[in-house]
Protein chains: 2
Amino acid sequence: MTSSMPVPYAFFDVLADAAEKQTLRHFRINIAIDNKEPDDFDPVTDGDRNAETAIRELITQSYPTHGIHGEEFDDVVGTSPFTWVLDPIDGTRAFISGLPVWGTLIGLLQNDRAIIGMMAQPYTGERYFGNGSQSWLQDKNGTRRLKTRDCFDLHDAIMATTSPKLFKAQENDAYERVESCVKLARYGLDCYAYAMVALGYMDCVVESGLKAVDIAALIPIIEGAGGVVTTWDGEPAHNGGQIVASANARLHQIILDTLSNRAGSRLLRT
Amino acid sequence: MTSSMPVPYAFFDVLADAAEKQTLRHFRINIAIDNKEPDDFDPVTDGDRNAETAIRELITQSYPTHGIHGEEFDDVVGTSPFTWVLDPIDGTRAFISGLPVWGTLIGLLQNDRAIIGMMAQPYTGERYFGNGSQSWLQDKNGTRRLKTRDCFDLHDAIMATTSPKLFKAQENDAYERVESCVKLARYGLDCYAYAMVALGYMDCVVESGLKAVDIAALIPIIEGAGGVVTTWDGEPAHNGGQIVASANARLHQIILDTLSNRAGSRLLRT
């Protein structure tokens, strides 16, 4: 696998190691919180900024022709088809609450396609990694291949969303049509929910208002485990927006149909 | 400390070790889910039952005069003032979703007072422990004393609740009065939220419909870290019901006042 990849797996580990040194210094220790938007609660920590700086330096050293798009700093425009998409602490609300369900997101785009991604949770020691064809979890128990679940009925599905209160009025009806069908809904997870879909323990994530940095790294992990990630309209997800991630194509179509209220969804629910 | 305790700390570790062998065998591996109540989603796993059996055997061997009240099996009536209150997997919804925010709850009552408690999260390797006077977290980074946060204004508080959709109509208004004031609300955490209050990273938990096994073990941990746990009416919490846990007595009173819509709460918000 590694030979056909434009960047080896080991380099993602190097980046995650560098990020971890910065983020763990601040997790459950001492956080300076700035509000980027005074009227909206959006905490950014020193750990976030320092981790992104560390990752950017390593990328620039090893891949000077690559572009970089990160949460915290200005874009670097590359001279190759490759662009890194970075969010050092996805799930800042979990982070400041002491919860180990945030993650460091490191994604690589080739032109407009998310081809490799890692989600690292340094406190638990988990690293989820995928290249669109295969995905793995490396944790204290070793390394295992990831496989999404064979859940083909929304009524059997475990769903996640950041918060059911985040949807705007017109979106909320669509979202509630899905949530009202699922077996169980979980809130407050951000990237960790997508990792659980890849791991085969959740079946779908339905969110809106995502940025590219929130989702790009997760696409190759979900796809490599057998899942599907698109916008609510079925378009490519790497730029963010309204996002659905599902354990498989059949469940994904049911969710898209339910969101858009297409009658066809009933036929698919076997 | 240990000398004045009717049961040494080390015995709680023995119980948590025994429970962990059973719960981790099922976490993210292979779960047989039974529905105790067919119309309500309440998963119970083999891990839950096997862990409680293991804990009960050890208690009966070492403390044959103690009573036992657990989630999964019938009560053992003791001949001493001491009763163990057990929930091997608190947060079964998190457990079946692959999320490491469930916990094993082991509490000890002396007559009607919760005097010692442990919350253990075996995947992350965390053990929160308190005796009402002092509390600690033991994790991969070592052992640290726990201290709740000096948060005295609800507008600065991070709050948790299992789900904002669990409250009944009349409770919901009271709950929403609190949530509408806080800086940040987190959902889906069960016992892990109480641990975060003791750790000083969350400031309050507001819930209803708790059972004794959901809360008894957590009371000495919160209290030992400087926090307060009561019912919404300010009564002892060890039997469950409508529960508030707060980082300190001043914040606690503000929350009780806000829940009951007493005007005095405004005076206390300095």
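These numbers come from a predicted model, not from an experiment.
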Which value, rounded to the nearest 0.5 Å, describes the distance between [X] atom [atom1] and [Y] atom [atom2]?
X: B/I158; Y: A/L99; atom1: CD1; atom2: CG; result: 8.5 Å
X: A/M159; Y: B/S97; atom1: CE; atom2: OG; result: 11.0 Å
X: B/R186; Y: A/S163; atom1: CZ; atom2: OG; result: 8.5 Å
X: B/M202; Y: A/I96; atom1: CE; atom2: CD1; result: 9.0 Å
X: B/T124; Y: A/E126; atom1: OG1; atom2: CD; result: 9.5 Å

Portion of A/A94 that has a non-hydrogen atom of chain B nearer than 4.5 angstrom:
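It is both, since atoms from each part get that close.
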Using the six-membered ring of A/Y123, assess whether NZ or CZ of B/K140 lies under 6.0 Å from its centre and within 45 degrees of the ring axis.
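Yes, B/K140 lies over the aromatic ring of A/Y123.
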Max heavy-atom pair count under 4.5 Å with chain B, selected residue of A/L199, A/V101, A/N141
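Between A/L199, A/V101, A/N141, the count favours A/L199.
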B/L24, part contacting chain A, at a heavy-atom distance under 4.5 Å
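It is neither, since no heavy atom gets under 4.5 Å.
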Measuring heavy-atom distances to chain A, does B/Q121 have an atom under 4.5 Å in its side chain, in its backbone, in both, or in neither?
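For B/Q121, there is no contact with chain A at all, as no heavy atom is under 4.5 Å.
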When you compare the side chain of A/K165 with that of B/P164, does any pair of heavy atoms fall below 4.5 Å?
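Yes - at least one pair of side-chain heavy atoms lies under 4.5 Å apart.
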For B/I29, does its backbone N or O pair with a side-chain atom of A/Y201 as donor and acceptor, under 3.5 Å?
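Yes; at least one donor-acceptor contact below 3.5 Å.
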